[in-house]
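Just so it is clear: chains get the letters A, B, ... in the order the sequence lines come, proteins before strands, and each one is counted from 1.
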Number of protein chains: 2
Amino acid sequence: MSGKPTRERILEEALDHFGTSGIDATSLDDIARGVGVAKQTLLYWFTSKEELVIAVLQRVADELVVEVGAAVRSAPHGFARVEAAVTAVFRPAVRRPALLGLVRELNRLSPELADAVVLRMKPLVDLAVAYLEAEMDAGRLRRADARLLMAFAYSTVVGVATEPVALRAVGWEPGVASLRKLRAELLAFLRAALAA
Amino acid sequence: MSGKPTRERILEEALDHFGTSGIDATSLDDIARGVGVAKQTLLYWFTSKEELVIAVLQRVADELVVEVGAAVRSAPHGFARVEAAVTAVFRPAVRRPALLGLVRELNRLSPELADAVVLRMKPLVDLAVAYLEAEMDAGRLRRADARLLMAFAYSTVVGVATEPVALRAVGWEPGVASLRKLRAELLAFLRAALAA
DNA sequence: GACCGTCTCTACCAAATGGTAGAGAAACTT
DNA sequence: AAGTTTCTCTACCATTTGGTAGAGACGGTC
(Lines give C-alpha, C1' and ligand atoms only; values in the text may rest on other atoms or scores of the structure.)
Protein backbone atom coordinates (compact mmCIF):
# COMPACT_ATOMS: atom_id res chain seq x y z
CA MET A 1 0.00 0.00 0.00
CA SER A 2 2.47 2.59 -1.05
CA GLY A 3 2.88 4.11 -4.47
CA LYS A 4 3.95 7.46 -3.12
CA PRO A 5 7.04 7.62 -0.94
CA THR A 6 6.56 7.46 2.81
CA ARG A 7 7.53 11.05 3.41
CA GLU A 8 4.89 12.27 1.00
CA ARG A 9 2.20 10.09 2.51
CA ILE A 10 3.05 11.38 5.97
CA LEU A 11 2.70 14.97 4.82
CA GLU A 12 -0.70 14.35 3.30
CA GLU A 13 -2.03 12.42 6.25
CA ALA A 14 -0.73 15.10 8.60
CA LEU A 15 -2.41 17.90 6.66
CA ASP A 16 -5.66 15.99 6.81
CA HIS A 17 -5.51 15.44 10.56
CA PHE A 18 -4.22 18.89 11.40
CA GLY A 19 -6.92 20.52 9.39
CA THR A 20 -9.86 18.58 10.71
CA SER A 21 -8.82 17.96 14.32
CA GLY A 22 -6.43 20.81 14.95
CA ILE A 23 -2.70 20.57 15.40
CA ASP A 24 -2.66 20.15 19.15
CA ALA A 25 -5.36 17.52 19.15
CA THR A 26 -3.48 15.42 16.62
CA SER A 27 -0.90 13.05 18.06
CA LEU A 28 1.95 11.60 16.07
CA ASP A 29 0.37 8.22 16.65
CA ASP A 30 -2.82 9.33 14.92
CA ILE A 31 -0.89 10.29 11.83
CA ALA A 32 1.26 7.18 11.92
CA ARG A 33 -1.79 4.93 12.17
CA GLY A 34 -3.32 6.72 9.20
CA VAL A 35 -0.23 6.21 7.10
CA GLY A 36 0.23 2.65 8.29
CA VAL A 37 3.68 2.97 9.82
CA ALA A 38 5.08 3.21 13.33
CA LYS A 39 5.25 6.53 15.09
CA GLN A 40 9.01 6.39 15.05
CA THR A 41 9.02 6.33 11.29
CA LEU A 42 7.54 9.81 11.43
CA LEU A 43 10.33 10.89 13.73
CA TYR A 44 12.84 9.50 11.30
CA TRP A 45 11.55 11.70 8.48
CA PHE A 46 10.86 14.73 10.64
CA THR A 47 12.97 15.08 13.74
CA SER A 48 10.16 16.59 15.77
CA LYS A 49 6.45 17.30 15.59
CA GLU A 50 7.16 20.96 15.13
CA GLU A 51 9.29 20.22 12.09
CA LEU A 52 6.48 18.15 10.62
CA VAL A 53 4.00 20.94 11.19
CA ILE A 54 6.30 23.44 9.56
CA ALA A 55 6.85 21.17 6.58
CA VAL A 56 3.10 20.75 6.11
CA LEU A 57 2.46 24.47 6.30
CA GLN A 58 5.31 25.27 3.98
CA ARG A 59 3.91 22.91 1.39
CA VAL A 60 0.47 24.40 1.72
CA ALA A 61 1.80 27.91 1.25
CA ASP A 62 3.84 26.84 -1.75
CA GLU A 63 0.87 25.19 -3.44
CA LEU A 64 -1.30 28.23 -2.89
CA VAL A 65 1.26 30.66 -4.26
CA VAL A 66 1.92 28.55 -7.32
CA GLU A 67 -1.74 27.86 -8.05
CA VAL A 68 -2.96 31.40 -7.68
CA GLY A 69 0.00 32.75 -9.62
CA ALA A 70 -0.66 30.45 -12.54
CA ALA A 71 -4.40 31.11 -12.63
CA VAL A 72 -3.91 34.84 -12.64
CA ARG A 73 -1.23 34.92 -15.30
CA SER A 74 -3.30 32.88 -17.71
CA ALA A 75 -6.33 35.18 -17.50
CA PRO A 76 -6.93 38.18 -19.75
CA HIS A 77 -6.40 41.66 -18.35
CA GLY A 78 -9.07 43.76 -16.68
CA PHE A 79 -11.75 42.51 -14.34
CA ALA A 80 -11.52 38.98 -15.72
CA ARG A 81 -8.15 38.76 -14.09
CA VAL A 82 -9.55 39.77 -10.73
CA GLU A 83 -12.20 37.13 -11.14
CA ALA A 84 -9.57 34.51 -11.88
CA ALA A 85 -7.63 35.41 -8.75
CA VAL A 86 -10.66 35.17 -6.50
CA THR A 87 -11.69 31.87 -8.01
CA ALA A 88 -8.16 30.55 -7.56
CA VAL A 89 -8.13 31.45 -3.89
CA PHE A 90 -11.53 29.85 -3.39
CA ARG A 91 -10.50 26.65 -5.09
CA PRO A 92 -8.24 25.25 -2.36
CA ALA A 93 -10.77 26.33 0.24
CA VAL A 94 -13.40 24.25 -1.51
CA ARG A 95 -11.19 21.28 -2.27
CA ARG A 96 -9.51 21.07 1.11
CA PRO A 97 -11.07 23.17 3.85
CA ALA A 98 -8.48 21.74 6.21
CA LEU A 99 -5.94 23.90 4.49
CA LEU A 100 -7.28 27.25 5.56
CA GLY A 101 -7.95 26.06 9.06
CA LEU A 102 -4.24 25.59 9.47
CA VAL A 103 -3.32 29.18 8.78
CA ARG A 104 -5.37 30.04 11.81
CA GLU A 105 -3.12 28.13 14.15
CA LEU A 106 0.01 29.57 12.72
CA ASN A 107 0.55 32.54 14.98
CA ARG A 108 0.11 30.64 18.16
CA LEU A 109 2.25 27.72 17.18
CA SER A 110 5.21 29.49 15.74
CA PRO A 111 5.37 33.24 15.35
CA GLU A 112 8.59 32.88 13.39
CA LEU A 113 6.93 30.65 10.84
CA ALA A 114 4.01 33.05 10.67
CA ASP A 115 6.46 35.79 9.82
CA ALA A 116 7.97 33.62 7.12
CA VAL A 117 4.58 32.94 5.56
CA VAL A 118 3.72 36.62 5.65
CA LEU A 119 6.99 37.45 3.93
CA ARG A 120 6.13 34.86 1.35
CA MET A 121 2.60 36.03 0.64
CA LYS A 122 3.07 39.76 0.86
CA PRO A 123 4.94 40.15 -2.44
CA LEU A 124 2.13 38.30 -4.17
CA VAL A 125 -0.42 40.64 -2.69
CA ASP A 126 1.72 43.65 -3.47
CA LEU A 127 1.92 42.49 -7.05
CA ALA A 128 -1.84 42.14 -7.21
CA VAL A 129 -2.33 45.58 -5.73
CA ALA A 130 0.14 47.08 -8.16
CA TYR A 131 -1.65 45.37 -11.02
CA LEU A 132 -5.02 46.65 -9.90
CA GLU A 133 -3.68 50.18 -9.58
CA ALA A 134 -2.07 50.05 -12.99
CA GLU A 135 -5.38 48.94 -14.46
CA MET A 136 -7.07 51.80 -12.68
CA ASP A 137 -4.53 54.22 -14.07
CA ALA A 138 -5.17 52.82 -17.53
CA GLY A 139 -8.90 53.33 -17.04
CA ARG A 140 -9.74 49.64 -17.36
CA LEU A 141 -10.87 49.49 -13.72
CA ARG A 142 -12.66 52.00 -11.61
CA ARG A 143 -10.52 53.72 -8.97
CA ALA A 144 -10.74 52.23 -5.47
CA ASP A 145 -8.61 51.24 -2.48
CA ALA A 146 -7.10 48.06 -3.90
CA ARG A 147 -5.47 46.93 -0.67
CA LEU A 148 -8.66 47.32 1.26
CA LEU A 149 -10.53 45.29 -1.33
CA MET A 150 -8.01 42.49 -1.08
CA ALA A 151 -8.33 42.34 2.69
CA PHE A 152 -12.07 42.33 2.34
CA ALA A 153 -12.08 39.55 -0.21
CA TYR A 154 -9.66 37.35 1.61
CA SER A 155 -11.39 37.69 4.96
CA THR A 156 -14.58 36.56 3.29
CA VAL A 157 -13.01 33.44 1.89
CA VAL A 158 -11.35 32.48 5.12
CA GLY A 159 -14.29 33.33 7.29
CA VAL A 160 -16.76 31.27 5.39
CA ALA A 161 -14.51 28.34 4.66
CA THR A 162 -13.58 27.73 8.26
CA GLU A 163 -16.73 28.60 10.09
CA PRO A 164 -19.38 25.95 9.58
CA VAL A 165 -21.17 26.98 12.75
CA ALA A 166 -21.70 30.47 11.40
CA LEU A 167 -22.96 29.16 8.09
CA ARG A 168 -25.47 26.93 9.78
CA ALA A 169 -26.66 29.77 11.99
CA VAL A 170 -27.38 31.73 8.83
CA GLY A 171 -29.40 28.80 7.59
CA TRP A 172 -27.03 27.11 5.19
CA GLU A 173 -25.47 23.73 5.35
CA PRO A 174 -21.72 24.00 4.97
CA GLY A 175 -20.55 22.64 1.67
CA VAL A 176 -19.43 23.40 -1.80
CA ALA A 177 -22.73 24.93 -2.85
CA SER A 178 -22.63 27.52 -0.09
CA LEU A 179 -19.07 28.43 -0.91
CA ARG A 180 -20.00 28.90 -4.55
CA LYS A 181 -22.86 31.22 -3.66
CA LEU A 182 -20.60 33.31 -1.53
CA ARG A 183 -17.97 33.46 -4.21
CA ALA A 184 -20.57 34.73 -6.64
CA GLU A 185 -21.66 37.37 -4.17
CA LEU A 186 -18.10 38.45 -3.54
CA LEU A 187 -17.43 38.75 -7.25
CA ALA A 188 -20.56 40.82 -7.72
CA PHE A 189 -19.33 43.16 -5.05
CA LEU A 190 -15.89 43.44 -6.58
CA ARG A 191 -17.37 44.00 -10.01
CA ALA A 192 -19.52 46.82 -8.68
CA ALA A 193 -16.49 48.36 -7.02
CA LEU A 194 -14.05 47.87 -9.87
CA ALA A 195 -15.56 47.23 -13.27
CA ALA A 196 -15.12 50.32 -15.42
CA MET B 1 -7.41 40.10 45.14
CA SER B 2 -10.98 39.19 44.51
CA GLY B 3 -13.96 41.46 44.20
CA LYS B 4 -15.71 39.20 41.75
CA PRO B 5 -16.58 35.73 42.90
CA THR B 6 -14.16 32.94 42.08
CA ARG B 7 -16.41 31.27 39.56
CA GLU B 8 -16.71 34.46 37.59
CA ARG B 9 -12.98 35.07 37.61
CA ILE B 10 -12.35 31.55 36.39
CA LEU B 11 -14.71 32.02 33.47
CA GLU B 12 -13.05 35.25 32.41
CA GLU B 13 -9.53 33.91 32.73
CA ALA B 14 -10.53 30.79 30.83
CA LEU B 15 -12.05 32.77 27.97
CA ASP B 16 -8.87 34.75 27.73
CA HIS B 17 -6.62 31.71 27.58
CA PHE B 18 -8.87 29.68 25.32
CA GLY B 19 -9.13 32.51 22.87
CA THR B 20 -5.47 33.39 22.62
CA SER B 21 -3.85 29.98 23.03
CA GLY B 22 -6.58 27.65 21.88
CA ILE B 23 -8.56 25.29 24.04
CA ASP B 24 -6.31 22.26 23.74
CA ALA B 25 -3.17 24.22 24.40
CA THR B 26 -4.59 25.66 27.60
CA SER B 27 -4.14 23.52 30.70
CA LEU B 28 -6.24 23.84 33.80
CA ASP B 29 -3.06 24.85 35.60
CA ASP B 30 -2.60 27.81 33.25
CA ILE B 31 -6.04 29.11 34.09
CA ALA B 32 -5.68 28.44 37.80
CA ARG B 33 -2.38 30.31 37.92
CA GLY B 34 -3.99 33.25 36.16
CA VAL B 35 -6.84 33.37 38.64
CA GLY B 36 -4.54 32.79 41.58
CA VAL B 37 -6.07 29.61 42.94
CA ALA B 38 -5.18 25.93 42.90
CA LYS B 39 -6.11 23.78 39.94
CA GLN B 40 -8.48 21.78 42.10
CA THR B 41 -10.50 24.86 42.83
CA LEU B 42 -11.38 24.91 39.15
CA LEU B 43 -12.47 21.32 39.36
CA TYR B 44 -14.65 22.18 42.29
CA TRP B 45 -16.56 24.79 40.30
CA PHE B 46 -16.59 22.84 37.05
CA THR B 47 -16.42 19.10 37.36
CA SER B 48 -14.35 18.70 34.22
CA LYS B 49 -12.48 20.73 31.65
CA GLU B 50 -15.20 20.07 29.13
CA GLU B 51 -17.80 21.52 31.44
CA LEU B 52 -15.69 24.64 31.88
CA VAL B 53 -15.32 25.02 28.14
CA ILE B 54 -19.03 24.67 27.63
CA ALA B 55 -19.78 27.21 30.34
CA VAL B 56 -17.41 29.69 28.73
CA LEU B 57 -18.94 29.23 25.31
CA GLN B 58 -22.46 29.44 26.63
CA ARG B 59 -21.69 32.75 28.29
CA VAL B 60 -20.11 34.10 25.13
CA ALA B 61 -23.14 33.15 23.07
CA ASP B 62 -25.47 34.69 25.62
CA GLU B 63 -23.59 37.97 25.69
CA LEU B 64 -23.56 38.19 21.92
CA VAL B 65 -27.26 37.52 21.55
CA VAL B 66 -28.19 40.05 24.24
CA GLU B 67 -25.85 42.75 22.99
CA VAL B 68 -26.79 42.52 19.34
CA GLY B 69 -30.46 42.29 20.18
CA ALA B 70 -30.36 45.44 22.30
CA ALA B 71 -28.36 47.45 19.76
CA VAL B 72 -30.71 46.57 16.95
CA ARG B 73 -33.90 47.27 18.82
CA SER B 74 -32.73 50.75 19.86
CA ALA B 75 -31.88 51.84 16.30
CA PRO B 76 -34.34 53.56 13.95
CA HIS B 77 -35.81 51.58 11.09
CA GLY B 78 -34.33 51.36 7.61
CA PHE B 79 -30.67 51.03 6.78
CA ALA B 80 -29.62 52.61 10.08
CA ARG B 81 -30.83 49.46 11.74
CA VAL B 82 -28.68 47.29 9.51
CA GLU B 83 -25.74 49.49 10.36
CA ALA B 84 -26.44 49.10 14.07
CA ALA B 85 -26.52 45.31 13.76
CA VAL B 86 -23.21 45.13 11.91
CA THR B 87 -21.57 47.46 14.39
CA ALA B 88 -22.92 45.40 17.26
CA VAL B 89 -21.45 42.22 15.83
CA PHE B 90 -18.13 43.92 15.25
CA ARG B 91 -17.96 45.30 18.76
CA PRO B 92 -17.21 42.05 20.60
CA ALA B 93 -14.76 41.13 17.87
CA VAL B 94 -12.88 44.35 18.49
CA ARG B 95 -13.09 44.29 22.25
CA ARG B 96 -12.24 40.64 22.70
CA PRO B 97 -10.89 38.88 19.62
CA ALA B 98 -10.53 35.77 21.75
CA LEU B 99 -14.26 35.43 21.62
CA LEU B 100 -14.62 34.70 17.95
CA GLY B 101 -11.64 32.41 17.94
CA LEU B 102 -13.57 30.13 20.21
CA VAL B 103 -16.51 29.60 17.90
CA ARG B 104 -14.06 28.06 15.51
CA GLU B 105 -13.14 25.24 17.86
CA LEU B 106 -16.71 24.49 18.62
CA ASN B 107 -17.44 21.85 16.02
CA ARG B 108 -14.41 19.80 16.77
CA LEU B 109 -14.73 19.92 20.52
CA SER B 110 -18.40 19.23 20.89
CA PRO B 111 -20.75 18.84 17.96
CA GLU B 112 -23.70 18.74 20.34
CA LEU B 113 -22.79 22.12 21.77
CA ALA B 114 -22.29 23.44 18.27
CA ASP B 115 -25.81 22.35 17.49
CA ALA B 116 -27.07 24.13 20.59
CA VAL B 117 -25.34 27.34 19.61
CA VAL B 118 -26.74 27.14 16.10
CA LEU B 119 -30.22 26.65 17.50
CA ARG B 120 -29.66 29.67 19.67
CA MET B 121 -28.40 31.97 16.93
CA LYS B 122 -30.61 30.92 14.08
CA PRO B 123 -33.80 32.56 15.36
CA LEU B 124 -31.90 35.81 15.70
CA VAL B 125 -30.73 35.59 12.13
CA ASP B 126 -34.18 34.59 10.95
CA LEU B 127 -35.58 37.62 12.71
CA ALA B 128 -33.04 39.85 11.00
CA VAL B 129 -33.83 38.34 7.62
CA ALA B 130 -37.54 38.75 8.18
CA TYR B 131 -36.97 42.36 9.18
CA LEU B 132 -34.88 43.06 6.10
CA GLU B 133 -37.49 41.52 3.86
CA ALA B 134 -40.28 43.48 5.47
CA GLU B 135 -38.32 46.65 4.91
CA MET B 136 -37.84 45.65 1.30
CA ASP B 137 -41.54 45.05 0.93
CA ALA B 138 -42.21 48.48 2.42
CA GLY B 139 -39.80 50.00 -0.08
CA ARG B 140 -37.42 51.31 2.56
CA LEU B 141 -34.67 48.95 1.42
CA ARG B 142 -33.76 47.79 -2.05
CA ARG B 143 -34.68 44.21 -2.83
CA ALA B 144 -31.85 41.66 -2.39
CA ASP B 145 -31.11 38.18 -1.01
CA ALA B 146 -31.13 39.03 2.69
CA ARG B 147 -29.86 35.67 3.85
CA LEU B 148 -26.95 35.73 1.48
CA LEU B 149 -26.02 39.19 2.65
CA MET B 150 -26.01 38.07 6.26
CA ALA B 151 -23.72 35.16 5.48
CA PHE B 152 -21.46 37.47 3.57
CA ALA B 153 -21.32 40.04 6.35
CA TYR B 154 -20.73 37.56 9.10
CA SER B 155 -17.99 35.70 7.27
CA THR B 156 -16.20 38.99 6.82
CA VAL B 157 -16.27 39.77 10.51
CA VAL B 158 -15.10 36.37 11.56
CA GLY B 159 -12.48 36.09 8.88
CA VAL B 160 -10.78 39.32 9.63
CA ALA B 161 -11.06 39.18 13.39
CA THR B 162 -9.36 35.82 13.67
CA GLU B 163 -6.80 35.95 10.92
CA PRO B 164 -3.87 38.17 11.85
CA VAL B 165 -1.60 36.36 9.44
CA ALA B 166 -3.85 37.18 6.52
CA LEU B 167 -4.13 40.80 7.54
CA ARG B 168 -0.38 41.14 7.73
CA ALA B 169 0.04 39.53 4.34
CA VAL B 170 -2.26 42.17 2.94
CA GLY B 171 -0.05 44.79 4.50
CA TRP B 172 -1.94 45.74 7.63
CA GLU B 173 -1.03 45.30 11.22
CA PRO B 174 -3.81 43.52 13.06
CA GLY B 175 -5.61 45.84 15.44
CA VAL B 176 -8.62 47.96 16.08
CA ALA B 177 -7.85 50.36 13.24
CA SER B 178 -7.85 47.59 10.64
CA LEU B 179 -11.11 46.19 11.94
CA ARG B 180 -12.69 49.64 11.76
CA LYS B 181 -11.60 50.07 8.16
CA LEU B 182 -13.10 46.75 7.23
CA ARG B 183 -16.30 47.49 9.01
CA ALA B 184 -16.58 50.70 7.03
CA GLU B 185 -16.01 48.81 3.81
CA LEU B 186 -18.58 46.21 4.70
CA LEU B 187 -21.14 48.86 5.51
CA ALA B 188 -20.47 50.61 2.23
CA PHE B 189 -21.14 47.34 0.46
CA LEU B 190 -24.35 46.73 2.33
CA ARG B 191 -25.48 50.27 1.74
CA ALA B 192 -24.91 49.89 -1.97
CA ALA B 193 -26.86 46.65 -1.95
CA LEU B 194 -29.69 47.76 0.29
CA ALA B 195 -30.15 51.48 0.66
CA ALA B 196 -33.25 52.57 -1.21
C1' DG C 1 31.35 -11.80 1.61
C1' DA C 2 32.20 -7.47 4.17
C1' DC C 3 30.74 -2.79 4.46
C1' DC C 4 27.65 1.02 4.45
C1' DG C 5 23.76 3.97 4.00
C1' DT C 6 18.70 3.95 4.05
C1' DC C 7 14.59 2.91 6.29
C1' DT C 8 11.49 0.91 9.71
C1' DC C 9 10.77 -1.33 13.78
C1' DT C 10 10.28 -2.69 19.21
C1' DA C 11 10.99 -1.20 23.58
C1' DC C 12 11.47 2.55 26.89
C1' DC C 13 11.39 7.23 29.24
C1' DA C 14 10.37 11.84 31.22
C1' DA C 15 7.11 15.31 31.40
C1' DA C 16 2.59 17.17 31.35
C1' DT C 17 -2.23 16.80 32.07
C1' DG C 18 -7.01 15.80 33.52
C1' DG C 19 -8.94 14.01 37.41
C1' DT C 20 -9.60 11.72 42.43
C1' DA C 21 -9.37 11.45 47.56
C1' DG C 22 -9.66 13.65 51.34
C1' DA C 23 -8.35 17.10 54.80
C1' DG C 24 -8.66 21.87 56.71
C1' DA C 25 -10.74 26.42 57.28
C1' DA C 26 -14.41 29.53 57.53
C1' DA C 27 -19.10 30.93 57.81
C1' DC C 28 -23.79 30.03 58.77
C1' DT C 29 -27.57 27.49 61.39
C1' DT C 30 -29.55 25.56 65.28
C1' DA D 1 -20.99 25.11 71.31
C1' DA D 2 -21.86 21.66 67.92
C1' DG D 3 -22.96 20.48 63.47
C1' DT D 4 -23.38 21.44 58.59
C1' DT D 5 -22.39 23.55 54.31
C1' DT D 6 -19.34 25.98 51.37
C1' DC D 7 -15.00 26.56 49.56
C1' DT D 8 -10.03 25.87 48.87
C1' DC D 9 -6.16 23.37 49.60
C1' DT D 10 -2.14 19.43 49.49
C1' DA D 11 -0.95 15.20 47.94
C1' DC D 12 -1.43 11.53 44.53
C1' DC D 13 -2.69 8.75 40.29
C1' DA D 14 -3.42 7.02 35.45
C1' DT D 15 -2.92 8.17 30.93
C1' DT D 16 -1.17 10.32 27.03
C1' DT D 17 2.40 12.28 24.38
C1' DG D 18 6.65 13.80 22.25
C1' DG D 19 10.99 11.97 21.97
C1' DT D 20 15.40 8.64 22.64
C1' DA D 21 18.15 4.32 22.11
C1' DG D 22 19.25 0.94 19.57
C1' DA D 23 18.51 -3.17 16.78
C1' DG D 24 17.04 -5.50 12.49
C1' DA D 25 16.17 -5.66 7.40
C1' DC D 26 17.23 -4.43 2.76
C1' DG D 27 19.87 -2.85 -1.23
C1' DG D 28 23.87 -1.33 -3.38
C1' DT D 29 29.20 -1.15 -3.63
C1' DC D 30 33.85 -2.50 -3.02
Side-chain angles (χ1 to χ4, degrees), chain A residues 1-59 101-102 105-113, chain B residues 1-59 98 101-102 105-106 108-113:
Chain A
M1 59 159 89
S2 72
K4 295 189 175 179
T6 306
R7 193 189 147 93
E8 200 66 16
R9 278 156 58 215
I10 291 174
L11 281 171
E12 280 169 17
E13 187 77 19
L15 171 59
D16 209 40
H17 279 75
F18 289 159
T20 58
S21 311
I23 293 176
D24 282 326
T26 301
S27 72
L28 294 180
D29 259 325
D30 292 336
I31 303 171
R33 250 193 306 276
V35 178
V37 298
K39 179 182 70 169
Q40 287 63 21
T41 302
L42 268 66
L43 289 165
Y44 168 78
W45 290 102
F46 308 90
T47 57
S48 71
K49 183 180 183 180
E50 187 182 347
E51 195 182 303
L52 172 59
V53 171
I54 289 179
V56 168
L57 288 169
Q58 208 104 40
R59 224 172 63 130
L102 277 190
E105 301 202 56
L106 208 55
N107 263 316
R108 175 171 59 77
L109 197 94
S110 158
E112 313 87 49
L113 181 58
Chain B
M1 61 161 83
S2 72
K4 295 187 174 179
T6 306
R7 194 189 147 94
E8 200 67 14
R9 278 154 60 213
I10 292 173
L11 281 171
E12 280 170 17
E13 187 77 19
L15 170 59
D16 208 41
H17 279 76
F18 289 158
T20 58
S21 311
I23 293 176
D24 282 327
T26 300
S27 72
L28 293 181
D29 259 325
D30 291 336
I31 303 171
R33 250 194 306 277
V35 178
V37 298
K39 179 180 69 170
Q40 286 64 21
T41 302
L42 267 67
L43 289 164
Y44 168 76
W45 290 102
F46 308 91
T47 57
S48 71
K49 185 180 181 178
E50 188 181 349
E51 195 182 303
L52 172 59
V53 171
I54 289 178
V56 168
L57 288 168
Q58 207 104 40
R59 223 173 63 130
L102 276 190
E105 301 201 57
L106 209 55
R108 174 170 60 77
L109 196 94
S110 158
E112 312 89 47
L113 180 58

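Contacts classified as salt bridge (Lys or Arg N to Asp or Glu O under 4.0 Å) and involving residues 35-51 of chain B (residues at least two apart or in different chains) are not found. The salt bridge (Lys or Arg N to Asp or Glu O under 4.0 Å) pairs that include a residue from residues 21-34 of chain A are A:D24-A:R108, A:D30-A:R33, where partners are two or more places apart or lie in different chains.
With sequence neighbours left out, the salt bridge (Lys or Arg N to Asp or Glu O under 4.0 Å) criterion links B:R7 to no other residue. In this view, A:Q40 satisfies the side chain to side chain donor-acceptor pair (under 3.5 Å) rule with no residue, not counting sequence neighbours. Partners of B:E12 according to the salt bridge (Lys or Arg N to Asp or Glu O under 4.0 Å) rule, which considers only residues two or more places apart in sequence or in another chain, are B:K4.
For A:I23 and D:dT17, the CD1 to P distance is 16 Å, given to the nearest whole Å. Distance, A:L42 CG to D:dG18 P: 10 Å, rounded to whole Å. Note: CG (B:D24) to P (D:dT17) measures 11 Å, nearest angstrom.
A:L43 comes within 4.0 angstrom of a nucleotide base, judged by non-hydrogen atoms across all strands.
Two residues are said to be in side-chain contact when any heavy atoms from C-beta on lie closer than 4.5 Å; B:E13 and B:I10 fail this criterion.
Closest to the side chain of B:K49, from the set D:dG18, D:dG19, C:dG19, is C:dG19.
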Worksheet item: Which letters describe nucleotides 4-9 of chain C, given B = protein heavy atom under 4.0 Å from base, S = only from sugar-phosphate, - = neither?
Response: --SBBB
